[in-house]
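Worksheet: one structure, shown below.
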Protein chains: 2
Amino acid sequence: MRVTLRDVADDVGVSVATVSRVLTGKSSGRVRPEVAADIRQAAARMGYRSNALARGLRLQETRILGFISDVIATGARGGQILLGAQDAARRYGYTLLTVNTGDDPDVEAHHLDALASYRVDGYLYASMFNRPLALPSRLETLPTVIVDATSPTQSTPSVSPDEKAIGRLGARELLRAGARRILYVSTPAPIVARAARLDGFFAEIRGTTADVEVRVLEIAESISHARGPLVEALKSDVDGVFCFNDLRAAMVYQASTAAERVIGHDLAVISVDRTEMLQQVLYPNLSSIALPHYQMGYWGCTKLITSLLGNSLDLDDPSLTDLPACALSHALLAPGEPVDGASCILTK
Amino acid sequence: MRVTLRDVADDVGVSVATVSRVLTGKSSGRVRPEVAADIRQAAARMGYRSNALARGLRLQETRILGFISDVIATGARGGQILLGAQDAARRYGYTLLTVNTGDDPDVEAHHLDALASYRVDGYLYASMFNRPLALPSRLETLPTVIVDATSPTQSTPSVSPDEKAIGRLGARELLRAGARRILYVSTPAPIVARAARLDGFFAEIRGTTADVEVRVLEIAESISHARGPLVEALKSDVDGVFCFNDLRAAMVYQASTAAERVIGHDLAVISVDRTEMLQQVLYPNLSSIALPHYQMGYWGCTKLITSLLGNSLDLDDPSLTDLPACALSHALLAPGEPVDGASCILTK
DNA sequence: CTGAAAGCGCTTACAG
DNA sequence: CTGAAAGCGCTTACAG
């Protein structure tokens, strides 16, 4: 039913070998140009589409990559990683077999079986947030790149956001906006980003000559618990707030009303995540440092493919070397001005 | 390098035919039980994993399904469709080849080529929001199910939310909470959901004996434009608000502060979408009707697979017949009480 | 109960 | 410049 090499060969009156040579671009100097043209034309006319299974079987190379994520493709951020990876894959003629484990080892095992069955050439292992992430042992010996996480043993290449740079950047923006008594709204969760952003933040503060006071407040993700402490903290003479993420920034917005502090006037606020929905909803617009999810996906996939092909990354390609931790922003702090970039951490 | 049927056969001392029979479950009464046991054991010991490419080539059936979406897998809601589809696929031994078109015809064409190359058995075509959606012509003759959209020509099976039921449900909840002067905050976008939810809403209102007044206000998605009209509207004697979606609900929350109306006290609010992030951020917790994304994905994928297998849907399976347009909810209107369900619209 | 053989659709070394 | 042939790893009708 589907048209095959054989069909095209019969139509033109040549052998399948010749058709194959022409259609895989191995014909220059090896097939008469007129014949090649005929073949290409017939293939197009007949709607020939090479069978990737047969090709994969023969070549022991499928050009399929397994994209494994915990619960990532579910959230908006994870979607961006997937998109970036997909764009990179497309560019090199690869396709992604996506799979979600829901952080369930049984589900993961099932999916790893499936991916192995389809003989994917390599794996992208994506995490829903930056953390040390041990690869399932079955993947340890296979071509794999970790995205938005790091290998605890450094044995696998990975891309993750430069959390310290994010902290630095946030501090810089608040200082630039004139803030001197800063509230740093953090998370109680012991994740990589908590410590690293705080480090970067203080590193930047120490580097300034201004007299700055910082208070760190950790709040949970539930507004009902966070509200009280936040209102309390905002009632003091705070003039700048660094928010660990947009969720907390949204809480700060709510609390600021109760504390009768006007954001953009009494208070400068900077946050991290650039959540689209909150961008549309918060007033005045939230200044937020974007995490480079798309870029990490793109970089991770390119890294994987080039290593599969035995090449190294093309460092002249700006999409590979220019990995900002943030791009444009509604700049509440200095309206109209975009917030600067900070880079990713690439291993190997 | 990879272990094959041949390897297992040699190890046990039988032919590949016999091994194949045992491993595909076609051995009962056709292979001696002891031999079968030996084979299974050897296969497990050697870590044999059947080659899906060879199988697909031989059987002309790959058990791969193409999951095509516009920009859907990028958002949180789209992720849920994908998850549901993935769970259904896994249950039947299928795997998903996911592809994002970004609403770009060239990208779509490229991906359709790729999916055709891999000889996927069928297609799931998912939309980022409920709309009439014409299938690319190449898919028209292939097994396809549309998810979160409807075929304008009714020629392709589809699942989409029962928007009217959502409108009805919202009205019912507001009435139950005692609201009598209702503000219906809609969207100016001419999409299916706008008209259908409004229809359902008014149908429900007309069915009540209470004396209810409704005012419809359409606002765009930008807080800076919406704020003025919303504050204005809320300053009147409104006692209930139906929000077209959570984004608008968040705007209503903001505006209510400026209008000095207290949500949960002066105002009952019901919304649609159940956006997780906003659930965590809005105070008091937002009552929001969830859209059945996971269920639509699950249903669509099951529908596709059963039609591929020549079966019809198993209507005794509750996960297929019980498709609520909403599930649990923080019920601001009547704290603690979950909001009822409303079903999906399934075609064919 | 079991095996030899054909064939799914490709690619490429080999021969001419 | 071109073709016949082998082989990737399976499954299954056919023969025994």
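Just so it is clear: chains get the letters A, B, ... in the order the sequence lines come, proteins before strands, and each one is counted from 1.
Put simply, CG on Leu57(B) is 5 Å from C1' on dG9(C), counting in whole angstrom units. One interatomic measurement links the two molecules: OH of Tyr118(A) to P of dC8(D), which rounds to 22 Å at whole-angstrom precision. Between Arg2(B) atom CZ and dG7(D) atom P the separation is 23 Å, expressed in whole Å.
For the residue pair Arg91(B) and Tyr298(B), a side-chain donor N or O sits within less than 3.5 Å of a side-chain acceptor on the partner. Side chain to side chain, Asp148(A) and Ser127(A) fail the donor-acceptor criterion of an N or O pair below 3.5 Å. Side-chain atoms of Tyr48(A) and Arg40(A) form no donor-acceptor pair, as typed in the model, at a separation below 3.5 Å. Checking Thr62(B) against Asp121(B) by side-chain atom types alone, a donor-acceptor pair falls below 3.5 Å. For the residue pair Asp87(A) / Tyr294(A), a side-chain donor-acceptor distance below 3.5 Å is found, with atom types taken as modelled.
For dG9(C), the OP1/OP2 oxygens have a side-chain nitrogen or oxygen of Gln60(B) closer than 4.0 Å.
Each salt bridge (Lys or Arg N to Asp or Glu O under 4.0 Å) pair with one or both residues in residues 149-159 of chain A, not counting sequence neighbours, would appear here, but there are none.
The closest donor-acceptor contact from the side chain of Ser160(A) to the backbone of Thr150(A) lies at 3.5 Å or more, if one exists at all.
Looking at Thr156(B) and Val145(B), their side chains never come closer than 4.5 Å, going by heavy atoms from C-beta outward.
In DNA chain D, runs of at least 3 stacked Watson-Crick or G-U pairs (N1-N3 plus N6-O4 or O6-N4, or N1-O2 plus O6-N3, all under 3.5 Å) give these stems: C:1-3 with D:14-16, C:5-12 with D:5-12, C:14-16 with D:1-3.
Separation of the C1' atoms belonging to dG16(C) and dT12(C) is 16 Å when rounded to the nearest angstrom.
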If a protein heavy atom is under 4.0 Å from the base, mark B; if only from the sugar-phosphate, S; if neither, -; do that for nucleotides 10-16 of chain C going 5' to 3'. BBBB---

